[in-house]
Trainee: 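So that we are looking at the same thing, I have put the structure below in structure tokens.
Note: hydrogens, waters and symmetry copies are ignored here, and every other heavy atom, side chains too, is used. Every chain is numbered from 1 and lettered A, B, ... according to where its sequence line falls, protein lines coming before strand lines.
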Amino acid sequence: MKALIKAEIFKLLRQSKTWYALAALLMIEGVILFSAYFQGKNILDILLDNLKKSFYFEGTLLNGNLLVYLILNTLWFHLPLILMIIVSGSLTAEYKDRTLQTIMLQPVSKWKFILSKYIVAIGFTLAVVGMLALTSFTLSYGLFGKGDLIVYLNTLNFFPSGDAFVRLQYAFVSGALSMVFFSVASLTLAVIFREATKTWIVSALFLILSNLLLKVDFGDTIFNRVFFAKLNDTWQNFFYFNINWTLVYTNSLLLCGYSLLFMAIGILLFHKKDIG
Amino acid sequence: MRWRLLLWGLLYLPASRAQGIDPDLLKIKNRMDSIVQFSASLKLNVDVSFINMPAKYARMSYTKGKPLKFSSEDFVMIPKRGLDFSLNSLMEFPFITVPRGEEIRNGKTYKAINIISTDKRADFSIAMLLLDIKNNRVAETEINTKKDGTYNLLLQYENSSKVLPSLVEVNFEIEKIRIPLNFMGKDTDIDRKKMRTGGSKSGKIFLQISNYLIKYL
């Protein structure tokens, strides 16, 4: 199993599209940071407009913490799209190049092979989120400094710089679970569709539908609480003044459960299907 | 014509003679003017229904004739009214005072007066002050500004000898925030009706002031 995982990591790092994807992500991050700076100005103008009548402000809210928060708001759509392309591509490429048949001629268990792909996909996703977290904090703090974070979630919430940093870190961890879910789902879709273009289209559709359904209010129903699309903004819970930890833990466990379910379906289908 | 002038004199002359400046207010103003400089530590607590903000800390410094200065490592919201202990903003332009009798607060009797601006440049129309004549200081103020609504200030002092307050409660009116839907974060929990109507809310800010360093004339 270790050898399979090593081989998968080697293949992932050897393929040029992995590095193109990372470069694309860093570029997107830079553009988001740039636009977040101007977006941040407008947001602060709107948020503080009626407070200006009664208060003088000392200190600035357009700082690294606000920019990381704005990056997070945009990142969770672009990032899974690129992750899904890379992760699903790791299997569809093997179907296309027929290297899968060569591997299966070796004494390699089918379920171990596909499990190693899932493990590497999860590891890669976590590493990418980690890299983006690191670069987001470094760039934002380096360019715009630290300061209080202001967030509007039904109420205007102000967080001191230290508290904001901790909450943003939690948000990255929570967001990473969503990213893992989308990566795992795309690999399962690759098992089903085998062909790269079809898989990418279905993966993109899956992501878009998830984002659209996230905004649909299904009322106060269990479905509204446990449906996978509804779990993908769990990270926002860290920006309520009082964090609902029960909700965060429940959503995170559910998201892990969904990831395991998609993984199990993928392994089962791969095991049952012919390679040819 | 002559009887008209007589009637005007009878009606308006006593009133205009009465509308001078209250001597107790002048005494307090003179006492405040004896402060040429002070600095103090400030702890701010905001109590507004739609704002969640932890306690904030700042330093403030005042030099006579200059606006108050604030410095803080945090982001702080300083109320526009409530820290003008010198009463300069009320007495900057010509005004008259009208006695309003006495008022009782927490068992203590205070002299009530109205300050009415007679100059268009003033940013307030009328202010009500409760004066603590015994200790020569202001206990409560209600300022009706021309643009920013009404401010009510309650001042508490550490002891009877103190000239500057240790606790100031500022009550003010504030418009409910109006944010476009789908703006920053989730939007499904937003009360759409409330968001459309906006409306006015009252807010409070508590200022705890300590470590005064005062320089007198």
Trainee: Hey, does F158(A) have a side-chain heavy atom less than 4.5 Å from the side chain of N52(B)?
Mentor: no

Trainee: Counting only heavy atoms not in Y37(A), do more than 12 sit closer than 6.0 Å to its OH atom?
Mentor: no

Trainee: For the atom pair CG (N157(A)) and CE (M53(B)), what is the distance rounded to the nearest 0.5 Å?
Mentor: 10.5 Å

Trainee: With side-chain contact (heavy atoms from CB on, under 4.5 Å) as the criterion, how do I51(B) and T155(A) come out once you've worked through the C-alpha distance, each side chain's angles and the decisive distance to 0.1 Å?
Mentor: CA-CA 6 Å; I51(B) 296 177; T155(A) 54; over 6 Å; no

Trainee: Do you know which of F239(A), F57(A), F159(A) has the most heavy-atom pairs with chain B at a distance under 4.5 angstrom?
Mentor: F57(A)

Trainee: Answer yes or no: are there more than 12 heavy-atom neighbours, outside E73(B) itself, under 6.0 Å from its atom CD?
Mentor: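 Counting neighbours around CD of E73(B), 12 or fewer heavy atoms of other residues, nucleotides or ligands fall under 6.0 Å, so no.
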
Trainee: What part of T145(B) gets closer than 4.5 Å to chain A, counting heavy atoms only: side chain, backbone, both or neither?
Mentor: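 T145(B) has no heavy atom closer than 4.5 Å to chain A.
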
Trainee: Please indicate whether F34(A) has more than 12 foreign heavy atoms, meaning atoms of other residues, nucleotides or ligands, lying under 6.0 Å from its CZ.
Mentor: no

Trainee: For residues P79(B) and Y56(A), report the shortest heavy-atom separation together with the two atoms involved.
Mentor: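 The pair with the smallest heavy-atom distance is O-CD1, 4.3 Å.
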
Trainee: Would you indicate whether I222(A), at its atom CD1, is surrounded by more than 12 heavy atoms from other residues, nucleotides or ligands within a distance under 6.0 Å?
Mentor: no

Trainee: Answer yes or no: does atom NZ of K64(B) have more than 12 heavy-atom neighbours from other residues, nucleotides or ligands under 6.0 Å?
Mentor: yes

Trainee: Please say whether more than 12 non-hydrogen atoms of neighbouring residues, nucleotides or ligands are located less than 6.0 Å from NZ in K146(B).
Mentor: yes

Trainee: Quick one: sort the F172(B) and F55(A) rings into parallel, tilted or perpendicular, breaks at 30° and 60°.
Mentor: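 Geometry flag for F55(A) against F172(B): perpendicular rings.
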
Trainee: Going by side chain to side chain contact (heavy atoms under 4.5 Å, CB included), F75(B) matches just one of T60(A), I150(A), L61(A), N63(A). Which one?
Mentor: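 It is L61(A), the one option of T60(A), I150(A), L61(A), N63(A) that forms the side chain to side chain contact (heavy atoms under 4.5 Å, CB included) with F75(B).
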
